[in-house]
Peer 1: 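Below: one structure in structure tokens.
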Amino acid sequence: MSDEDIMFADWDKIILKNARSRDSKELGNIIAVDDDNIILNQDNIEFKIPKSYVDGYRGNAVFLGLNGKDIKYYQF
């Protein structure tokens, strides 16, 4: 089991937390988690971000390893 698996053994803990990019931009709220992705909602637009981009979380913020401008590639 990798450190990431241990750190995020319960992915449901990050639902309803705010996601932030590596350049500190607010990306929206995490509304769901599936097997491979987290689902973000930003102004009624949804994004499916691979779990591999989750760097960690603290309090109500989840930190993602992608730049704010790159979120557009994950819209669905």
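Side chains included, hydrogens not; waters and symmetry mates left out as well; all remaining heavy atoms used.
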Peer 1: What side-chain donor-acceptor pairs closer than 3.5 Å can you find for residues 32-45, not counting sequence neighbours?
Peer 2:
{"unit_1": "Asp34", "atom_1": "OD1", "unit_2": "Asp36", "atom_2": "N", "d": "3.0"}
{"unit_1": "Asp34", "atom_1": "OD1", "unit_2": "Asn37", "atom_2": "N", "d": "2.6"}
{"unit_1": "Asp34", "atom_1": "OD1", "unit_2": "Asn37", "atom_2": "ND2", "d": "3.3"}
{"unit_1": "Asn41", "atom_1": "OD1", "unit_2": "Asn44", "atom_2": "N", "d": "3.2"}
{"unit_1": "Gln42", "atom_1": "NE2", "unit_2": "Leu27", "atom_2": "O", "d": "3.2"}

Peer 1: For Leu66 and Ser21, work out which heavy atoms get closest and say how close.
Peer 2: O-CB, 3.1 Å
Peer 1: Should Ile30 and Trp11 be regarded as members of a common hydrophobic cluster, given that ILVMFWY residues are connected when their side-chain heavy atoms come within less than 4.5 Å of each other, either directly or indirectly?
Peer 2: yes
Peer 1: Please list all pairs meeting salt bridge (Lys or Arg N to Asp or Glu O under 4.0 Å) that have one or both residues in residues 19-28, counting only residues at least two apart or in different chains.
Peer 2: Arg20-Glu26
Peer 1: In this structure, are over 12 heavy atoms from other groups packed under 6.0 Å from Phe76 atom CZ?
Peer 2: yes
Peer 1: Write out all pairs satisfying ring pair (Phe, Tyr, Trp, His ring centres under 6.0 Å) with one or both partners inside residues 29-54, taking only residues at least two apart or from two chains.
Peer 2: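 Non-adjacent pairs meeting ring pair (Phe, Tyr, Trp, His ring centres under 6.0 Å): Tyr53-Tyr74.
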Peer 1: I need the Leu16 CG to Ile31 CD1 distance, nearest 0.5 Å.
Peer 2: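 Between Leu16 CG and Ile31 CD1, I get 9.0 Å after rounding to 0.5 Å.
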